[in-house]
Amino acid sequence: MKNKKITRKISQGIYVLTTACGGCIVDAVSQISSGENPLISVAVMKSNNTHELLKNNSTFAISVLGNDVNPKIINTFGLNSMRDINKFGNIETLEIESLQIIKDSLGYMICEKVDTIENDTHTLFIGKLKEADVFKDEEPLTYAYYQSHKEELTKITTEEGTTAWKCNICGYIYYGEKVPDDFICPICGAEKYDFQIVEE
């Protein structure tokens with residue numbers, strides 16, 4: 001018998017990994033050495049677009065999310081691909097060391113890639129910490145908390161008195177009584193028929 005759900009009991013956080021031209025949600029981040037410039041590892045699924053970007057870039061950033069994270073961040077970086085949308089056009093970021101950092105985060109780490117280890121499904125990227133800061137001293141978002149509050153953390157809230165229409169491609173929300181016939185999603189270019197009403 002092999003019940004893989006036990007792996008969810010491993011203590012880990014939820015982060016936004018960014019590199020030049022892309023980013024995604026990751027959970028397998030670890031500090032693997034200490035000292036002035038500790039080594040930080042992050043595992044990225046090979047099928048992910050960010051994986052290809054990181055293979056071709058020398059630096060990456062990790063933004064640490066908190067329990068009060070805006071669900072829009074989870075939806076944008078966790079449920080979409082940069083192949084389809086510009087994630088950075090949807091979320092407020094700060095540019096530090098030429099990398100995009102999530103502004104609504106607890107802080108960040110910027111690492112210089114020094115090694116990679118590959119397996120069948122993921123690549124473990126190892127980086128030397130070169131820059132970091134703390135924005136807010138609050139509880140970080142953990143994988144366990146995310147799993148138990150998943151519906152809340154991925155829900156879309158609507159404005160009172162208006163109708164919200166969600167793009168089925170990228171998650172963009174249009175507010176109005178109906179989506180105009182000639183409307184084009186400003187994020188991914190989807191047309192009217194790709195939108196569906198959001199139930200409050």
Next on the checklist: Could you check whether any side-chain heavy atom of Leu65 comes within less than 4.5 Å of a side-chain heavy atom of Leu106, counting everything from C-beta outward?
Outcome noted: no
Checklist entry - Side chains of Val29 and Val26: closer than 4.5 Å at any heavy-atom pair? => result yes
Checklist entry - According to the salt bridge (charged side-chain N to carboxylate O under 4.0 Å, His left out) rule, which pairs have a member within residues 41-52, sequence neighbours left out? => result Lys46-Glu118
Next on the checklist: Using 30° and 60° as the class boundaries, would you call the ring planes of His149 and Tyr145 parallel, tilted or perpendicular?
Outcome noted: parallel
Checklist entry - Can you get from Ile102 to Ile25 by hopping between Ile, Leu, Val, Met, Phe, Trp and Tyr side chains that sit under 4.5 Å apart? => result yes
Checklist entry - With hydrophobic residues grouped by side-chain heavy-atom distances under 4.5 Å, do Ile32 and Leu124 end up in a single group? => result yes
Any donor-acceptor pair under 3.5 Å from [X] side chain to [Y] backbone:
X: Thr163; Y: Glu177; answer: no
X: Glu36; Y: Pro38; answer: no
X: Asn119; Y: Thr121; answer: yes

Checklist entry - For the residue pair Phe183 and Tyr174, is the inter-centroid distance of their aromatic rings smaller than 6.0 Å? => result yes
Item to check | Lys/Arg N to Asp/Glu carboxylate O, Glu112 vs Lys128, below 4.0 Å | outcome: no
Checklist entry - Is the shortest distance from a Lys or Arg side-chain nitrogen in Lys136 or Asp104 to a carboxylate oxygen in the other one below 4.0 Å? => result yes
Item to check | Test side-chain contact (heavy atoms from CB on, under 4.5 Å) applied to Tyr146 and Ile74, step by step | outcome: CA-CA 10 Å; Tyr146 171 77; Ile74 299 290; 4.0 Å; yes
Checklist entry - Say you draw a straight line from CG of Asn37 to NZ of Lys130; how long is it, rounded to the nearest 0.5 Å? => result 10.0 Å
